[in-house]
Amino acid sequence: MEKTLKKYFPVFVLPTLIAFSFSFLIPFIQGVYLSFCNFTTVGNAKWVGLSNYKLAFSAGEGFGRAFLFTAAFTLVAVVTINVLAFLVALLLTRKLRGTNFFRTVFFMPNLIGGIVLGYTWQQMINAVLHQHGVTIVSDPTYGFIGLVLLMNWQMVGYMMIIYIAGLQNVPGELIEAAQIDGATAMQTLFRVKIPMVMPSITICIFLTLSNSFKLFDQNLALTAGAPMKKTQMLALNIYDTFYGKNGYQGVGQAKAVVFFVIVAAIVVAQLLVTRRKEVEQ
Amino acid sequence: MKRKIVSLALAAALSMTLLAGCGKADGDKNAGTDTNDQNEDTTKPSEEGNAEGSVYYMNFKPEVDAIWQDIAKAYTTETGVPVKVVTAASGQYEATLRTEIAGTNAPTLFQINGPVGYESWKDYCLDLSDTDIYENLSDQSLAVTGEDGGVYGIPYTVEAYGIIYNNAIMDKYFALDGAVVKSTDEINSYDTLKAVVEDMTAKKAELGIEGVFASTSLLPGEDWRWQTHLANLPIYYEYKDKGVGDLAEIEFTYAENYKNVLDLYMDNSVSEKGLLGSVDVATSMAEFALGQCAMVQNGNWGWSQISEVSGNTVKAEDVKFMPIYFGVDDENQGLCIGTENFWSINSQASEENIKATKDFLTWLTTSDEGKGFMSKSTDEGGLGNAAPFTTFTEEERSSDPLAVEMYKWMESGKTSVSWNFTSFPSQTFKDNFGNALLEYANGNMSWDEVEAYVIEQWAAEKAAAAPQ
């Protein structure tokens, strides 16, 4: 078996490899190359060396500020989304009536596009804030809370499904044994269930972390960075650089490369840490 | 053994799907060309048209997309040359163009917004100095020219903006006891305008309006009427004082006048100041159309937005323009008239396509049918353009009520304010300006801070836009 697989490995991997190179590898390499160029469209690039990177980190670009806002948002979003999703998953694995219906309902927001959600929530949040004579762009705190609410609403259902799958795979014997040994519900949860669903937690934290860090549509639609770019996240900052200034496409591209490195570093670190906590069944 | 079969089957299924995926795409493509071939067989002219090249126009204005599609059809029917029109979503023109022009079937005709836009697209702009449309331009100085003296952008419309007012509501006010003035002719300076507006606000219950001005839309992305159009006035006067057409650094000499006008808009508006961050342009145009306010700052393109609102109470004959009285040279100041719509031809398109595109533009500006499309008002299926070409006679001028007003003001002997915002440093500058205005409206920034910020941003963005 092993031998045959090894023999046919190139045949099986080739179609995927071709697709992968065309849709990912080549554009990625071209993207890195463009970050060292001055260009209007990808066809007419001129090599300029490191100057794009120097400009990307200059004070007026607000890259650092966007990074801090993104980091703060990611921290809050990852914690709230995962805690909420896990609680809902616990509730919906209790064999209540209508469990499937609730699971579907909680999952549905995930099927709506980010831009639509952003505008919808902007209207809803403004409708509430109007009664106090303010709008979501009056204060960056509102924008921050709005983004957290929106992301929770959208992501909790998805993470819930993953947690449900994890919880259903916890062996019944283990829980039964814990109960016979006199463990309380809390002890069963923290000592048995959570260690057993660690693989799900790894995946969920990975998904929420990378999605929150790379958030764009929702940010653009909800506040577009207003007021004064105080709610501008990294992806939106890159977009604004790319399209907002003449001759700054290369700088936007340089920022995008830096952005990639940051996201990759954070995500790899997270995977290493949570992987270590996983237990073999 | 069983597992082996299963995994082999899975692997096979996977590669089949991939192959099938590719195969299907190919099949579709073939099917597509097949039908095209058939079309060309049945309609001979279009095949000949293909040999002569084709036109691909990247349209800037979503509101006239349907009309452009009609124009494309009419031209193809008449000449057999295929015309494709694609409209970019509002605010996405530059982004869409950037993607499209890099592709294989790039647009042959696109739009730039003036000298700053030319700077960004100069690698793609063809010299148009030998074309008919440049020959026919009524004022050749309106065209965008490069450092080498070539002509790279031809304006296809002239537009005006100012304060649009609803004459029916104004007449109602003039009939009231104790009205400050008795006719709109007497409103001829910032001070009178302010007195009238404030008096109208005090009597808004009697007038049946919710505010004198439509809400100042400060929602991010919807603030161009203030950070671009209104901001043109202080810059116009500053350039005029200094006798220049562009500055690396501004003093914002007329910041106080700008603030006065903006305050007048915001303090006498339909919406509370704190809520302006949630208002978009469509909302404020709807307020005007529904008769909830008497005035709104916008341009002649706004007529279609007014007339299309359902439940619209404003009659065409009641829609009038007055200049944005700025308190500097009110006696002589007219409307702000200019353009930021210039046609450019893609210099990297093929010879045949360039020729087809030039012919298309000639047809549009010289043939009766083309001119009809250009100048008829949007209600009648035209673009409503006030086309600045000598080929248009007086009768062929746009019949939009606001365009009619524009001609009236142009001929009134007042000095039109030119559009200097085409020299604004960048979109980022405008967005930052708008952000600062929002903070000012929300009370988070004082006017002095806004003023300092605008001066600083202008210098920073001008420096950033300078060739590296």
Problem set entry | Distance in Å, B:Phe421 CZ paired with B:Thr228 OG1, rounded so as to fall on 0.5 Å steps | 6.5 Å
For this session: Would you give the length of the straight line joining atom CD of A:Gln154 to atom CH2 of A:Trp121, rounded to the nearest 0.5 angstrom?
Result: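 Reported value, rounded in 0.5 Å steps: 10.5 Å.
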For this session: Considering only NZ, NE, NH1 and NH2 on the basic side and carboxylate oxygens on the acidic side, decide whether B:Lys462 and B:Glu249 come within less than 4.0 Å.
Result: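 No.
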Problem set entry | NZ/NE/NH1/NH2 to OD/OE distance under 4.0 Å, B:Asp223 and B:Lys430 | no
Exercise. Which residues from residues 56-67 of chain A are near chain B, with near meaning under 4.5 Å between non-hydrogen atoms?
Worked result: none
Exercise. Taking B:Asn444 for the side chain and A:Ser138 for the main chain, is one N or O donor matched with an acceptor at less than 3.5 Å?
Worked result: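 Pair found, side chain donor or acceptor close to backbone of A:Ser138.
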For this session: State whether the side chain of B:Asn268 and the backbone N or O of B:Phe213 hold a donor-acceptor pair below 3.5 Å, judged by distance alone.
Result: no
Problem set entry | Test item: B:Ser271 and A:His130 side chains (from C-beta on) under 4.5 Å apart, heavy atoms |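 No. Closest side-chain heavy atoms not under 4.5 Å.
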Which atoms of [X] approach chain A - backbone, side chain, both or neither, heavy atom under 4.5 Å:
{"X": "B:Phe429", "value": "neither"}
{"X": "B:Ala460", "value": "neither"}
{"X": "B:Asn442", "value": "side chain"}
{"X": "B:Ile101", "value": "side chain"}

For this session: List the steps, then state whether ring pair (Phe, Tyr, Trp, His ring centres under 6.0 Å) holds for B:Phe110 with B:Trp343.
Result: CA-CA 6 Å; B:Phe110 61 97; B:Trp343 276 328; over 10 Å; no
Seminar exercise, completed: Residue from A:His132, A:Met228, A:Gln249, A:Gln122 scoring the most non-hydrogen pairs under 4.5 Å with chain B is A:Met228
Seminar exercise, completed: Ranked by heavy-atom pairs below 4.5 Å to chain B, first place among A:Leu129, A:Ile136, A:Val134 goes to A:Val134
Exercise. Given the options B:Ser278, B:Ala102, B:Ser426, which has more heavy-atom pairs under 4.5 Å with chain A than any of the others?
Worked result: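 Heavy-atom pair counts peak at B:Ser278.
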Problem set entry | Between B:Asp123, B:Thr428, B:Leu218, the one whose heavy-atom pairs under 4.5 Å with chain A are most numerous | B:Thr428
Please state whether the side chain, the backbone, both or neither of [X] comes within less than 4.5 Å of a heavy atom of chain B.
{"X": "A:Asp240", "answer": "backbone"}
{"X": "A:Gln123", "answer": "neither"}
{"X": "A:Lys230", "answer": "side chain"}
{"X": "A:Tyr8", "answer": "neither"}

Exercise. B:Tyr440 ring centre to B:Lys259 NZ or CZ under 6.0 Å, with the angle to the axis within 45°?
Worked result: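 Geometry flag: not set, cation outside 6.0 Å or 45°.
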For this session: Determine whether more than 12 heavy atoms belonging to other residues, nucleotides or ligands lie under 6.0 Å from atom OH of B:Tyr57.
Result: yes
For this session: Report yes if the distance between the aromatic ring centroids of B:Trp121 and B:Tyr152 is under 6.0 Å, otherwise no.
Result: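 Aromatic pair excluded; centres sit 6.0 Å or further apart.
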For this session: Using the ring-ring contact (aromatic ring centres under 6.0 Å, His included) rule, pick out the option among A:Phe20, A:Tyr33, A:Phe260, A:Phe22 that qualifies with A:Phe28.
Result: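 When ring-ring contact (aromatic ring centres under 6.0 Å, His included) is applied between A:Phe28 and each of A:Phe20, A:Tyr33, A:Phe260, A:Phe22, only A:Phe260 qualifies.
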